[in-house]
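What follows is a set of notes on a single structure, which appears directly below.
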Amino acid sequence: MPRLADHFHCPRILPGVVALLMAFCLTARGADVSVEARLSRDVTTLSEPVQYEIKVKGAQQIGSPPAISAEGMEIRFVGSNRSFSMSLGGPPELTVSLLYQVTGDQHGRFTIPAVEVEVNGHKYKTQPIALTIQQGAVPAEGDAPPRAQGIAEFTVPKTTLFVGETLPVELKLYVDSRVHWQLAEMPTITAEGLSQQKMPEPHKVEQPVKRSDGREYDVVTFHTAITPTKAGKIPLGPAELVYLAQIPRARRGGSSFFDMFDQGMMGDPFFSQTQKLKATAKPMDLTVKPLPVPGRPVDFAGAVGNFDISVEGSPARVKMGDPVTMKIKVSGQGNFDRVTAPVLKDSAGWRPYPASNTFQADDAIATRGTKTFEMAVIPEVKKTEMPVFEFSYFDPIAAKYVTRISQPEALLVEGAIATPAPIATAPSSAPSTTPAPEKKAALPTDILGLRYEAGEARRSFEPIYLRRQFILAQGAPLIALLGFLAWRLWPRADGSVQRLAALRRERSALLEKLSDKEIAHADFFDGAARVVQIDTALATGGDSAVVDAPTARSSARLDENTAEVIDEIFKTRAEALYAGGGGGGERVSGAERDRVLGALTDFGRSHGKR
């Protein structure tokens with residue numbers, strides 16, 4: 001059997017190196033042993049022998065070749081073949097093939113029974129194999145020599161889907177199981193207008209698969225997922241798979257012991273030649289439909305699939321102004337790259353902060369999993385329940401938009417500012433416990449002499465403009481003015497500083513991303529629209545998530561050209577994300593990038609940014 005992807009066969013090398021590799025196998029490949037039996041073909045005639053092979057992988061020590069007997073045929077041991085296989089990052093593996101010649105002595109269908117082989121001191125059994133011995137010539141499929149040229153084809157669950165819908169794709173390579181081969185490189189798929197997930201390591205089917213032509217094939221399956229970025233007819237493919245095949249030398253005329261031994265040696269470099277071959281999977285057309293506009297929720301951000309949300313917050317008891325950490329999990333199947341943080345259903349009395357997120361995939365192509373968001377929210381008024389979140393997505397099976405709403409949890413907010421109690425105006429009948437102030441002695445009204453004691457009657461001859469009371473009276477308005485200016489200019493203590501700083505950091509990261517020449521068309525305009533939203537929010541103090549083109553234009557005095565580009569940014573973004581247009585996976589031209597970035601610079605300057 002051929003090895004998995006990225007495996008390769010070592011040529012025959014010096015005996016000392018072989019011994020060293022075998023010693024390494026003894027310590028590194030303990031219990032990874034497999035034993036299987038196979039026939040070179042399962043239909044023959046009395047005059048045409050076939051090869052019976054017992055292949056042992058992971059062998060350290062192997063016992064004597066077992067004697068085999070079966071009704072209707074003669075089975076003789078003719079030799080063995082040893083080869084090493086190595087995988088990247090792993091130890092070498094020894095494979096031993098025990099070769100037998102099988103000759104029929106009567107017509108009919110017979111079975112070679114399970115054969116017991118001793119490997120590494122343990123007993124292993126092969127599976128029984130049936131052989132049909134018939135009169136006349138063997139059918140062409142059974143008599144045909146091994147075919148090195150492989151077959152490649154796509155397999156998809158459906159060919160009609162929506163923009164943004166993630167579609168699992170299988171790319172299969174079939175190679176004649178009698179050919180020793182290995183992959184030379186990972187396949188490449190042409191997918192214009194489709195975004196593609198990175199391919200993981202391929203899956204190898206252990207048992208050969210028989211196709212309609214009667215041949216048995218080794219099968220390797222590559223898994224990926226594609227997401228259309230525009231509507232219309234979009235081809236998937238073609239795809240090219242490059243592999244190396246060891247082609248056996250031409251057989252001698254007739255059937256003999258030597259022919260059987262040659263067939264057993266087809267995997268040995270000294271008895272074969274290596275060729276680099278390529279199998280091409282034909283393209284298949286996909287029909288991509290745009291997302292409907294009617295019924296689209298306001299908070300829809302492009303998620304397509306089937307999702308559910310769960311929300312939990314902690315702590316359940318906080319003081320006024322202290323944050324509550326909300327953990328929001330969005331799980332299911334779909335395009336998780338377009339899954340954004342759920343939004344507050346009712347933001348009144350809550351001050352949210354930007355959310356962080358992590359993603360845990362449940363499959364190798366990241367179409368199933370859970371995306372977890374963590375968000376800090378601060379109650380600004382007394383609350384009895386945690387905030388409620390909602391998340392909207394498009395369900396491609398039901399062909400409609402769905403909004404999931406979380407269940408509220410209990411919350412206790414302490415330390416609310418109490419309203420002062422009103423001052424009582426009615427006289428109290430209870431006796432007062434406050435001591436009465438002492439009565440001052442009445443001042444005499446006749447001619448007074450000079451008085452030297454300090455008191456209310458004391459007068460000063462100091463100029464009024466030097467007196468403390470005058471200075472305080474004149475400085476009060478100035479102090480009030482300075483306090484007002486400080487209140488207007490000083491950073492707010494309600495957490496907006498952190499929010500503004502987070503927006504500025506996001507803006508800088510987006511501008512750096514937009515400068516990348518490899519950025520896709522849809523991602524470019526999505527990022528450009530977000531920059532406009534952030535600039536508007538920084539200038540107006542509003543929520544960046546609700547900024548659209550009219551809101552952005554009204555936030556500053558723009559020239560006609562800049563205003564047109566702002567409208568174009570939001571329109572192209574909407575087409576790319578929702579309606580299936582906008583250039584798909586194409587790159588942005590240099591002239592278009594410069595024009596948009598220039599408009600963004602002018603828009604930022606209109607708000608006083610540099």
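Numbering starts at 1 and runs along the sequence shown.
The number of heavy-atom neighbours closer than 6.0 Å to NZ of K158, taken from other residues, nucleotides and ligands shown, is above 12. Taking a 6.0 Å sphere around CD of Q407, one finds it holds 12 or fewer heavy atoms contributed by other residues, nucleotides or ligands. The number of heavy-atom neighbours closer than 6.0 Å to CZ of R317, taken from other residues, nucleotides and ligands shown, is 12 or below. Counting heavy atoms of neighbouring residues, nucleotides and ligands inside a 6.0 Å radius, atom CD of Q360 does not exceed 12 of them. By the neighbour-count criterion of 12 heavy atoms within 6.0 Å, atom CZ of R368 is sparsely surrounded, having that number or fewer from other residues, nucleotides or ligands.
With contacts defined as side-chain heavy-atom distances shorter than 4.5 Å, the pair E385/L411 does not qualify. Looking at E592 and E568, their side chains come closer than 4.5 Å, going by heavy atoms from C-beta outward. At least one side-chain heavy atom of P379 sits under 4.5 Å from a side-chain heavy atom of W350. In this structure, the side chains of I519 and L514 come closer than 4.5 Å at one or more pairs of heavy atoms. Using a 4.5 Å heavy-atom cutoff, the side chains of K289 and T160 are in contact. In this structure, R178 and R41 have side chains that are not in contact, with every pair of non-hydrogen atoms separated by 4.5 Å or more. Between L241 and F222, the closest side-chain pair of non-hydrogen atoms falls below 4.5 Å. P352 places none of its side-chain heavy atoms less than 4.5 Å from the side chain of S347.
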Exercise for the section: Go through the steps to decide whether R530 and S544 satisfy the test side chain to side chain donor-acceptor pair (under 3.5 Å), and finish with yes or no. Expected result: CA-CA 8 Å; R530 181 59 183 159; S544 62; 3.0 Å; yes

Problem - Steps toward side-chain contact (heavy atoms from CB on, under 4.5 Å) verdict (I569, V596) - result: CA-CA 8 Å; I569 289 172; V596 173; 3.8 Å; yes

Exercise for the section: Evaluate side-chain contact (heavy atoms from CB on, under 4.5 Å) for V330 paired with R404, printing each intermediate quantity in order. Expected result: CA-CA 10 Å; V330 180; R404 301 289 188 188; over 6 Å; no

Exercise for the section: Kindly determine whether K400 and D395 satisfy salt bridge (charged side-chain N to carboxylate O under 4.0 Å, His left out), including the steps that lead there. Expected result: CA-CA 6 Å; K400 65 178 183 180; D395 185 343; over 6 Å; no

Exercise for the section: List the steps, then state whether side-chain contact (heavy atoms from CB on, under 4.5 Å) holds for T572 with F524. Expected result: CA-CA 10 Å; T572 306; F524 178 81; over 6 Å; no

Handout entry: Stepwise side-chain contact (heavy atoms from CB on, under 4.5 Å) check, R338 with V304
Key = CA-CA 8 Å; R338 298 304 307 176; V304 179; over 6 Å; no

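With values rounded to the nearest 0.5 angstrom, M375 atom CE is found 9.5 Å from S356 atom OG. Atom CD in E312 sits 10.5 Å away from atom CD1 in I328 (nearest 0.5 Å). Interatomic distance, H521 NE2 to D526 CG, rounded to the nearest 0.5 Å: 12.5 Å. The structure places CD1 of I378 at 13.5 Å from NZ of K383, a figure rounded to the nearest 0.5 Å. Summarising the geometry, atom OG1 belonging to T166 is positioned 8.0 Å from atom CD belonging to Q333; distances are rounded to the nearest 0.5 Å. Put simply, CG on L538 and NE2 on H607 are 9.5 Å apart, with the number rounded to the nearest 0.5 Å.
In this structure, the side chain of T224 engages the main chain of Q197 through a donor-acceptor pair within 3.5 Å. Here the side chain of T325 pairs no donor or acceptor atom with the backbone of A376 at under 3.5 angstrom. With hydrogens and angles disregarded, a donor-acceptor distance shorter than 3.5 Å links the side chain of Y243 to the backbone of G150. At least one donor-acceptor pair under 3.5 Å links the side chain of S195 to the backbone N or O of T227. Not one N or O on the side chain of K513 forms a donor-acceptor pair closer than 3.5 Å with the backbone of G527.
A salt bridge does not link K282 to E153: none of the charged nitrogens lies less than 4.0 Å from a carboxylate oxygen. Look at K233 and D285 and you find no salt bridge, because none of the NZ, NE, NH1 or NH2 atoms lies under 4.0 Å from a carboxylate O. With salt bridges taken as basic N to acidic carboxylate O contacts below 4.0 Å, one links D567 and R553.
Taking the six-membered ring for Trp and thresholds of 30 and 60 degrees, F336 and F359 have ring planes inclined between 30 and 60 degrees apart.
Closest of all the heavy-atom pairs between S392 and T403 is OG-OG1, 2.8 Å. Across all non-hydrogen atoms, the minimal contact from A537 to G542 is CB-O, 3.5 Å. Closest of all the heavy-atom pairs between I189 and A239 is CG1-CB, 3.8 Å. Taking all atoms of both residues into account, the shortest heavy-atom contact from V531 to R507 is CG1-NE, 4.3 Å. Minimum interatomic distance between V381 and M320 (heavy atoms only, all atoms of both residues): C-CE, 3.7 Å. Y401 and G295 make their closest contact through CD1-O, 3.5 Å (heavy atoms, listed as atom of the first residue, atom of the second, distance).
With sequence neighbours excluded, the residues that form a side-chain contact (heavy atoms from CB on, under 4.5 Å) with K278 are E240, V242, T280.
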